[in-house]
Visitor: 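Structure incoming, see below.
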Amino acid sequence: MSETMEKVVSLTKRRGFVYPSSEIYGGLEATYDYGPLGVELKRLLKDDWWENIVRERENVVGLDASILMAARVWEASGHVAGFNDPLVDCKKCKARFRQDKLEQSVCPKKKGKRPGECGGELTEPRQFNLMFKTKAGPVDEDAATIYLRPETAQGIFVNFKSVMDTTRVKIPFGIAQIGKAFRNEIVTGNNIFRMREFEQMEMEFFVAPGTDEEWFDYWQNERLSWWQSLGVRAENLRIRPHRDDELAHYARACGDVEFKYPWGWDEVEGIANRTDYDLKKHQEYSGRGLAYRDEEKKEWVVPYVIEPSMGVDRCFLTVLCDAYEEEVKPNGETRTVLHLHPKLAPVQVGVFPLVKKEGMPERAEAVYQMLKPVFRTVYDKGGTVGKRYSRNDEIGTPFCVTIDADTLTDGTVTIRDRDTMEQERVAEDQLIAFLADKVASYTR
Ligand code: ATP
């Protein structure tokens, strides 16, 4: 792991964003738990996506399909036969690698060495299916084998007809869903970047064949603007079109939204033109018609699909990596700060009494009660003001409000800005409007 990545991971653990799962038992590889601040940030990201994709649009509706689905779904989609990664083993140290990711892999047994550099020969690749299998019901026989879904998309495809029949949507329209997905990844790593249990935010946008290329461009632009609306800096984002030889079997085109992580550019979201592949396969396997009526042409048509698909956890890591800074202050000291967009900060306002006497705690408590219904606010009276500032810088609190002796005489408070560290005095009764304006007009 790169040095910056280690620092980001250490901060997320120290401050209660992300913990290794089952840690008191030594952990379970590639699974993580979100702590009090992490769960808040994760919810905010999902809400922002849902707002942007579903609520703000007339032509996208939501869905929450189950994780367990009929095994036939995965036969039809091609996952049982083909959701494989090429696995190679090192004959000497027994480590396992993904053949298509050898360049980015390191030997887990010999520090600083690449796969095979421990002196071992790598085996020929064999296909390894990434789906987790389990059994449904009390019988332990093959017929009861089902899978934990490796993507949320298929839950959308199998509900396409129900949504068409029960709502007033018309082509072009989208169905969006947020939910857990599971992949038995061969190589994990970089903390929550690649996990075996993760969460996805996906939307399948159904369009008339022939208009798919236009919609593919539209969604790439939409998604890039959303990323920037989170405050992620434009220079750290790009869209990389897939080469023909890396396209998935169902895709006509794919563009990855990539972020410049501490280890280099890597995928955070994929936007794919999935054609009519999935719906046609489900028609074939289920025997049900999955087409819409084109009233002009007077015929039934299976729509094409444009899919923006992303992992919530990678999105979380992206936002944290972009926000993280070790900054040298004018006095030469270093501070660690998360420049989170205020709309995503788990805590938006910290309220402090300067000292624990002279009526300041009571006054601060009243300010806290006033702000709490409007902003995610904490009341913090522990330690020096400097310590409270640095604690809040580390968790990305954009505004700290201090109640001091002047507050008691003239009713003004000090607001300290996380990014500039500048302070201004604002009247208590102007505070909500002042902070709301700061949140709404934020730019990094
Ligand atoms: P990769 O090439 O990194 O394995 P992929 O191309 O297989 O990813 P997709 O199937 O396109 O990924 O999944 C869509 C999104 O889901 C990805 O862009 C990523 O954000 C997320 N994702 C996929 N696999 C994982 C994982 N193991 N852990 C966390 N997020 C994941």
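Note that ligands are numbered from 1 as they come in the structure, with each ligand's atoms numbered from 1 the same way. Residue indices begin at 1 and follow the sequence shown.
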Visitor: Could you pull out every protein residue that has a heavy atom closer than 4.0 Å to ligand 1, ordered by chain and then number?
Guide: Arg98, Lys101, Arg183, Glu185, Phe193, Arg194, Met195, Phe198, Gln200, Glu267, Val268, Glu269, Gly270, Ser309, Met310, Gly311, Arg314
Visitor: Which heavy atom in Asp276 sits nearest to a heavy atom in Pro303, and how many Å separate them?
Guide: CB-O, 3.4 Å
Visitor: With Arg238 as the cation and Trp265 as the aromatic partner, state whether NZ or CZ is under 6.0 Å from the six-membered ring centre and within 45° of the axis.
Guide: yes
Visitor: Taking only distance into account, with no hydrogens and no angle test, what donor-acceptor pairs under 3.5 Å do side-chain atoms of residues 58-72 form with protein atoms, sequence neighbours excluded?
Guide:
{"residue": "Ser66", "atom": "OG", "partner": "Leu68", "partner atom": "O", "Å": "2.8"}
{"residue": "Arg72", "atom": "NH1", "partner": "Glu75", "partner atom": "OE1", "Å": "3.3"}
{"residue": "Arg72", "atom": "NH2", "partner": "Tyr285", "partner atom": "O", "Å": "3.2"}

Visitor: Salt bridge check: are Arg252 and Asp244 linked by an N-O gap of less than 4.0 Å?
Guide: no
Visitor: Do the ring centers of Phe206 and Tyr304 come within less than 6.0 Å of each other?
Guide: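 Between Phe206 and Tyr304, the centre distance exceeds or equals 6.0 Å.
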Visitor: Flag the pair Asp322 and Lys260 as a salt bridge only when some basic side-chain nitrogen lies within less than 4.0 angstrom of an acidic carboxylate oxygen.
Guide: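 A salt bridge is absent here (no side-chain N lies under 4.0 Å from a carboxylate O).
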